[in-house]
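Below is one structure, written out as structure tokens; the observations come after it.
Convention: sequence-line order gives letters A, B, ...; per-chain numbering from 1.
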Number of protein chains: 2
Amino acid sequence: MARTSEGAAGARPTIRDIARVAGVSKASVSYALNDLPGVSEETRARVRATATELGWRPSAAARSLSRARAGAVGLAVARDVRLLEEEPYYMRFIAGMEGVLAREGVSLLLSVVPDVDAAVEVLRDWWGERRVDGVVLTDLRVEDPRVALVAELGIPCAVRPGVDDRLPGGERPGVPVEAERRSFVEVVDHLVGLGHRRLARVAGPREFLHTRRRDVAWAEVTRSRLGREAPVVVADHTSAGGLAATRDLLARAGPPTAVVYDNDVMAAAVVAERESLGVRVPEDLAVVAGEDSMLCRLASPAISCLHRDVVADGAQSARSLLEVVLGRRSEAVVFEPHRLVVRGTTSTG
Amino acid sequence: MARTSEGAAGARPTIRDIARVAGVSKASVSYALNDLPGVSEETRARVRATATELGWRPSAAARSLSRARAGAVGLAVARDVRLLEEEPYYMRFIAGMEGVLAREGVSLLLSVVPDVDAAVEVLRDWWGERRVDGVVLTDLRVEDPRVALVAELGIPCAVRPGVDDRLPGGERPGVPVEAERRSFVEVVDHLVGLGHRRLARVAGPREFLHTRRRDVAWAEVTRSRLGREAPVVVADHTSAGGLAATRDLLARAGPPTAVVYDNDVMAAAVVAERESLGVRVPEDLAVVAGEDSMLCRLASPAISCLHRDVVADGAQSARSLLEVVLGRRSEAVVFEPHRLVVRGTTSTG
DNA sequence: CTGAAAGCGCTTACAG
DNA sequence: CTGAAAGCGCTTACAG
């Protein structure tokens, strides 16, 4: 209750101090503080009170060493700094993870590196030094070296639910492709309902697994809805790339009247540059973004998009990972696919 | 050279193994691997080779325990998730920190919490369990409880150079206010040069220390350049807040012809909603954003702004922190203030 | 230059 | 229910 003066700031109390003050052994202190059987309720209460009074906190290092567990998980974001600026995404994802991790007293190590190879090095270091008990992988690439590493070293690992593909050997059901399909059905039906027949898609780099999955879904959905596969142009997720790809599409014979972009940045760039592209939006060109963001909301016209609950995704990734790491079952996975949000770029409001 | 099969994946080699294989004591191994005197060059080489061969990596927990150092620093971002979405800022800042930390083998713990009080709890936990050796504080508030905590517990700490104020007792020179002044001089001179006489500013919440400093600088600069203090309306950094504040300003007698916003989101919202606000940009209203981002670049017209090198800021913060934590002098601080970037919202290009 | 030993702060069988 | 003891993997005086 009373704040005891614990002496110099440097002198952290240890369980040894607690044992001495409470008049029990170190072992009993450990049992009491960890809610393990082996001590009477009376002793437990006394130990707890003493710990509080001394302002004791477990040493992460000591605990980590004796438990052979880091008490931390890692997220290594592999993305060019230039693209990072365009990605408000991750902070929200992290906030979602945080909520789940904090509850279990697990810390989050974050690394932001320019590419996958650098990420591999980070993962190797983290795991080699046991700084983490597991990792979350995002933006999985085709033949991703991180996946190989994780498999080789047996690093517990989770991916983004419904966004990145499952890992080899992972038990996660193959929902992702199905999710992309559902999303595109919604988008395509919406556009067809508005009278569009010539659709196109500006995709992200083919190195991303989710780009590949979207390719498959897009082909299927447009074939089934329009009778033929609608064209796809690959770009690099940047505004310049999105513009170039769009120019390419508009220069074709029978240019598209509606374009679906794999992310928000490319769509926003096109809406911003509509004049120089020589189109009115949505009259000449309807635009749909593959991700939602401020960019979509503050564009004029505001951009229709596939929206996800990113915070929930982060929470789910953390949950999956802890399940593996702590070997604990958690709440059922409520899988939430993209949801179409209709705004000015696909409606004449 | 040859990858020796180290047996089961779970069996990490320790210095004990190295000592056995190399035929020396554990102490010698430690000296050799840490580049300390006390071993012959020949022994050092043999030990190193053995370590490599066995695939040894130091145990972060063991090292941390015996060195009484976590080998990690923390960044606790205190910001509402809702605002986070509007802030692509942090990932770049973190990428900047990363570059510096990685070189020293220091990990970054990240926490994203909704408010300052939650951040205090995180800092208390981190430091209590010695998960970090120090922390970086951002978005300092007036009477910030984190500053009090850091002082009370003696947590090594750094702030963003030129953005957040120095800490009490910190040695960092008081450049920040001067930096804001220089920035506003540039902005105001630019606007006055375009013929504007009625300026106004939409500020962020007064709880932020940097808002207060900008208040001072804005008052000084407008008084000296215009002969009177230009008005300021406080908003909350959100698009809705920015719009409301702007409506307020425009409804006044002698409304401003140029408005400077404390961040990018508010400025972008105003540009996006210029029609409903009943103004043309820049003809009726010139707009300047206090931060640069994709939002500014993709607005139409593109938004003039005060631009900073955020990655460099992150690097500098990490450097300052390591200087305190490692007690090591680092490169001189090259302080870079905001730089005015002129775009369509303040020019008739 | 090298080795045996204690210690960092916990956890966890193992005897009483 | 309780205590003495060994161990986690390092570091670091302290003797040879």
Side-chain angles (χ1 to χ4, degrees), chain A residues 6 10-48 50-51 54-72 105 125 127-131 133 326, chain B residues 6 10-48 50-51 54-72 105 125 127-131 133 326:
Chain A
E6 310 119 31
R12 283 160 43 85
T14 71
I15 57 169
R16 195 161 162 279
D17 299 314
I18 299 175
R20 188 165 30 73
V21 173
V24 296
S25 72
K26 276 166 50 187
S28 297
V29 172
S30 180
Y31 291 138
L33 259 18
N34 287 302
D35 277 326
L36 294 173
V39 281
S40 64
E41 274 317 307
E42 190 257 318
T43 303
R44 193 185 301 278
R46 187 151 38 90
V47 167
R48 279 215 189 104
T50 308
L54 294 181
W56 176 86
R57 307 252 28 200
S59 154
R63 193 165 255 185
S64 179
L65 185 59
S66 55
R67 283 189 183 169
R69 172 157 294 171
D125 286 349
W127 184 250
E129 306 181 359
R130 283 301 185 281
R131 290 194 186 238
D133 298 315
L326 270 39
Chain B
E6 310 118 31
R12 281 160 46 83
T14 70
I15 57 167
R16 194 163 162 280
D17 299 313
I18 299 175
R20 188 165 30 73
V21 173
V24 295
S25 73
K26 274 167 50 186
S28 297
V29 172
S30 180
Y31 292 138
L33 259 18
N34 286 302
D35 277 326
L36 294 173
V39 280
S40 63
E41 274 317 307
E42 190 259 316
T43 304
R44 193 186 302 279
R46 186 153 38 93
V47 168
R48 279 215 190 103
T50 308
L54 295 181
W56 176 86
R57 306 254 26 201
S59 153
R63 194 164 253 186
S64 179
L65 185 58
S66 55
R67 283 188 182 170
R69 171 155 296 168
D125 285 349
W127 184 250
E129 304 181 1
R130 283 301 185 281
R131 289 195 185 237
D133 297 316
L326 270 40

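- Within residues 29-44 of chain A, the residues having any heavy atom closer than 4.0 Å to DNA chain C are, in order of number, A/Ser30, A/Tyr31, A/Asn34.
- Evaluation of the salt bridge (charged side-chain N to carboxylate O under 4.0 Å, His left out) test over residues 58-69 of chain B, restricted to residues two or more places apart or in two chains, returns none.
- Summarising the geometry, atom OG1 belonging to B/Thr50 is positioned 9.5 Å from atom CG belonging to B/Leu33; distances are rounded to the nearest 0.5 Å.
- Pairs of residues two or more places apart, or lying in two chains, that qualify as salt bridge (charged side-chain N to carboxylate O under 4.0 Å, His left out) and include a residue from residues 14-32 of chain A are A/Asp17-A/Arg20.
- Of the residues near DNA chain D, A/Ser28 and B/Lys26, the one whose nearest nucleotide (by heavy atom distance) lies more toward the 5' end is A/Ser28.
- When all heavy atoms are compared, the tightest approach of B/Arg130 to B/Ala70 is O-CB, 3.3 Å.
- Less than 4.0 Å separates DNA chain D from at least one heavy atom of each of the following residues of residues 14-23 of chain B: B/Thr14, B/Ile15.
- Positionally, the nearest nucleotide of DNA chain C for A/Ala62 lies more toward the 5' end than for the other of A/Ala62 and A/Ala27.
- Judged as a salt bridge (Lys or Arg N to Asp or Glu O under 4.0 Å), and not counting sequence neighbours, the contacts of B/Arg57 are A/Asp125, A/Glu129.
- Using a distance-only test at 3.5 Å, with no hydrogens or angles considered, a donor-acceptor pair links the side chain of A/Arg131 to the main chain of B/Gly71.
- Residues passing the side-chain contact (heavy atoms from CB on, under 4.5 Å) test with A/Ser28 are A/Val24, A/Ser25, A/Val39, sequence neighbours excluded.
- Checked against side-chain contact (heavy atoms from CB on, under 4.5 Å), B/Glu42 has the following partners two or more places apart in sequence or in another chain: B/Ser40, B/Arg46.
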*According to the Watson-Crick and G-U wobble definition with distances under 3.5 Å, which dot-bracket string, read 5' to 3', encodes DNA chain D, using [ ] for crossing pairs and | for pairs with another strand?*
|||.||||||||.|||
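- Residue-level contact check: B/Arg57 touches the backbone only, with heavy atoms under 4.0 Å from sugar-phosphate atoms and none from bases.
- First and last contacting nucleotides of DNA chain D toward chain B (any atom under 4.0 angstrom from a heavy atom, 5' to 3' order): D/dG9 to D/dA13.
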